Amino acid sequence: MVQFAQVIVDVPSLQTNRPYDYVIPAVWQAQLQPGMRVVVPFGKGQRQVQGFVVGTTAAPPDYNGELKTIAAVLDLQPVLNPELLALAKWLAQWTFAFQISCMQTMLPSVMKASYSKKVRLTGAATVATTAIFHDQTELDFADLAPEVIKQLLKWQQQHLVEVVYEVHDRAKVKTLKAVQPLLTAADYTAAAAKVPANAKRQHELLAFLAAHAAAKAPIPMHEITATTELTLAPVHAGVAKGWLRLVDLETYRDPYAELASAPRTQPLTLTAEQATAVQQITAAGEQKRDQVFLVEGVTGSGKTEIYLQAIQAAITAGRTALMLVPEIGLTPQMVARVRGRFGEHVAVLHSGLSTGERYDEWRRIERGEAQVVVGARSAIFAPLQHIGLIIMDEEHESSYKQDEMPRYHARDVALWRAKYHHCPVVLGSATPSLESRARAQKGVYQLIRLKERANHQPLPEVTVVDMKNELKKTKEDNFSSLLLQELRKRVLHQEQSVLMLNRRGFSSFVMCRDCGFVLQCPNCDISLTLHMDTHSMKCHYCGHEEAIPQVCPNCQSRKIRYYGTGTQKVETELHTLLPEARILRMDVDTTRRKGAHGKLLRQFGNHEADILLGTQMIAKGLDFPDVTLVGVLNADTALGLPDFRASERTFQLLTQVSGRAGRAEKKGEVIVQTYNPEHYAIRLARHHDYEGFYKREMTLRHQTGYPPYYYTILVTASHEEENEAAKKIFQLMTQIKPALSKQAILLGPTPRAIARVNKRYYYQMVIKYKREPHLQQVLTQIMQENQARHGIQISIDREPLSFI
DNA sequence: AGCACGCCGACT
DNA sequence: GTCGGCGTGCTC
């Protein structure tokens, strides 16, 4: 009989990043299993926190203090299975994060408890207490002023009030009220005879019950109200008379209800290349090899069909499949495609779902009701069992890396799970990350190259326009004459165009034309960005918001204007230049509302607009047959950034956006505007030459010593005082340096590009290395020694996406 | 993260 | 002398 449990508590700090022992109450000893959530007392006082059981034992643990007892068990079944528990442990070490943070990232957010601290009146109310409590007996600390809290704490010592801690489990199952007939049809007919004739509704209810008595199954109330005149009132009367029972039916919130009935599609005929790819992947699955395939294929080479057929094979073999898609690529089109093939066996997880919807999808997976999971980054933690295949589409996408704790890359998690389940991983992309492509070169991954397009269409023609010349010709800085002319042509022929404004490394700010003053964030060293939708200036780092200035705060001039190019400005400009064109704008401002993204795409698909204007988000995953022109307004804004991945990002973006043109029978054309037409990223993207780009960029990375030739780790120290942060990072350097071999390279320490964010100063250093057996241990030790003391914060980011 | 304990300065 | 500031350390 197990009597003791090891619990990871919901206190995200380094000192508490380990299991604590608790006594299991006798009633739970038979049921409690690792992976269940519990509520436990923790620390002095009455504080209670949520925790995860990670182990149970019969023998008393080796602990000299007095053990506390588990206060409540929140689950009947473990929410983390043994695999996910092991994964959480590994992930915490790998990303230098807390185990509790890893566990919470794996689960729908509603399963993280919310806490409240309240003060309750214990004795009779007095004049003094009434002044604070009024007619209430309980107050929430969060609503109280500091002076009031002081008074209450005094009363607590006199036992006039008590402080209580509440742990709320927010995971609520959605239920439907349903009517369950209890009697037979004959009984109902008999009962009807005794009911007065004027009780019309009761007769109707009895007739309804008689008709459904045979099935005995509960009928959801909403179905009853939809088909009859009955309401809840007569049903309650029926309950009182013992005719029926009202039950709560568990149900799921189905975000894709309208797609459930999507017509089922049949597997398409594969090209020879595709067939070989499917065969190789399937073979690895059958042999239970955790092999990684890198499928490199241009847009239209039919990667999705390969995924679908490989998934089909996994399901046929009685296993499940996990498919990751970048958040932005998780369009209704993509979901429809997977649902079309696998119907209700598919569960979808992405950030557009409400927390309740997400929880329900998660439960469906956990219960084994879905064999295929499609989702964005965190879906890699889906509680699927017997995984037979993991797919990562657009594997180069930066959204697969989480930029907050735990800073994990979904690819690393995918590889871990594949090893656990002995199943293959498929990484797919038209422009693989250099890391993955290099691994394929070395034979660590198996490279599958798709050289032809499934529809045998030629790739679109790409024209590069040198904006340096264009600027001399016209005053317009956003539109070249060629692009305008081609846009006009498309509007005339009722064909559609997509325009992309590259916003990376770029923002719209307010500057005074007289004195050059730029409005800055008071907390961070960065300009505020203009937001026309809210008519305010916002800081993208800390969220600070203020009004748009009418006069320059520095010189009082009225000539304070908006600088930089935003989609709104381009839209206005385009309206003037092409008044006949109908324009749809898609950017963070117009897609913030839930479902807005899909709605805009639907409108464009229905030809409600001629031109779709947007930021990077339009580059991915859209598939509109009537788009014959794609324009990139500013291809090179990212090239100027001091980031070693700038060229790679630019190449990927241009290739991806080019793929949006001419996806059906119509031939597509791409116009790329740039100030750097000679740059190799632009030149090679123009010729759709990924392999050429790969070779060129690898040479450069080799020369400069960057990934994939080196692994990288970013160490950051921050403090409210600039010199404290600097002092700390130098101290860390002296600590790390002796543990490294001569092959490792230390960059920095340096202040971060945006040195101050949210009133804190950031200093960082980058470790570049190939093989450092002691590094993990030293960094783990550093994290443990520097436990948020003296106001210093340390963070470690393995393989950061950028150093700036 | 909270919370208590403990050691220094400014008050009834 | 005590109240309370926050630096330090612990939570099964």
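Treat the numbers as computed from the prediction; the structure is a model and nothing was measured. So you know, we letter chains A, B, ... as the sequences are listed, proteins then strands, and number each from 1.
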Contacts of A/Ile745 meeting side-chain contact (heavy atoms from CB on, under 4.5 Å) (sequence neighbours excluded), chain-then-number -> A/Tyr710, A/Leu747, A/Lys768
Give me, pair by pair, the N or O atoms of the protein and of nucleotides 3-5 of chain B that are less than 3.5 Å apart, along with how far apart they are.
from: B/dC3; atom 1: OP1; to: A/Tyr165; atom 2: OH; distance (Å): 2.3
from: B/dC3; atom 1: OP2; to: A/Lys117; atom 2: NZ; distance (Å): 3.2

Contacts of A/Asp797 meeting side-chain contact (heavy atoms from CB on, under 4.5 Å) (sequence neighbours excluded), chain-then-number -> A/Lys401, A/Arg407, A/Leu714, A/Pro800
Residues pairing under salt bridge (Lys or Arg N to Asp or Glu O under 4.0 Å) where one sits in residues 41-67 of chain A, two or more places apart or in two chains, turn out to be none
Checking side-chain hydrogen bond (donor to acceptor under 3.5 Å, both in side chains) for the pair A/Gln136/A/Arg120: CA distance, chi angles, key distance, verdict? CA-CA 9 Å; A/Gln136 282 152 301; A/Arg120 194 180 285 160; over 6 Å; no
Rounded to whole Å, the CD-C1' distance (A/Gln15 to C/dC12) equals 15 Å
When rounded to whole Å, the CE to C1' distance for the pair A/Met405 and B/dA1 reads 13 Å
When rounded to whole Å, the CD1 to P distance for the pair A/Ile792 and C/dT8 reads 13 Å
Taken to the nearest whole Å, CZ/A/Phe141 to P/B/dG2 is 13 Å
So what does A/Glu66 touch, heavy atoms closer than 4.0 Å: a base, only the sugar-phosphate, or nothing? sugar-phosphate
Rounded to whole Å, the CD1-P distance (A/Ile149 to B/dG2) equals 13 Å
Query raised in the report: Using a cut-off of less than 4.0 Å, is there contact between a side-chain N or O of A/Tyr20 and OP1 or OP2 of C/dT11?
Result: no
For A/Asp169, the salt bridge (Lys or Arg N to Asp or Glu O under 4.0 Å) test, sequence neighbours excluded, returns A/Arg37
- Query: When all nucleic acid strands are considered with a 4.0 Å heavy-atom cut-off, which category describes A/Phe42: base, sugar-phosphate, or nothing?
  - Reply: base
Rounded to whole Å, CD of A/Gln6 lies from P of C/dT11 at a distance of 16 Å
The reported gap from CD in A/Gln156 to CG in A/Leu152 (rounded to nearest 0.5 angstrom) is 9.0 Å
In whole angstroms, the gap separating C1' of C/dG7 from NE2 of A/His719 amounts to 13 Å
Whole-Å distance, A/Glu724 CD to C/dG7 P, equals 12 Å
Sequence neighbours excluded, the answer for salt bridge (Lys or Arg N to Asp or Glu O under 4.0 Å) partners of A/Glu799 is none
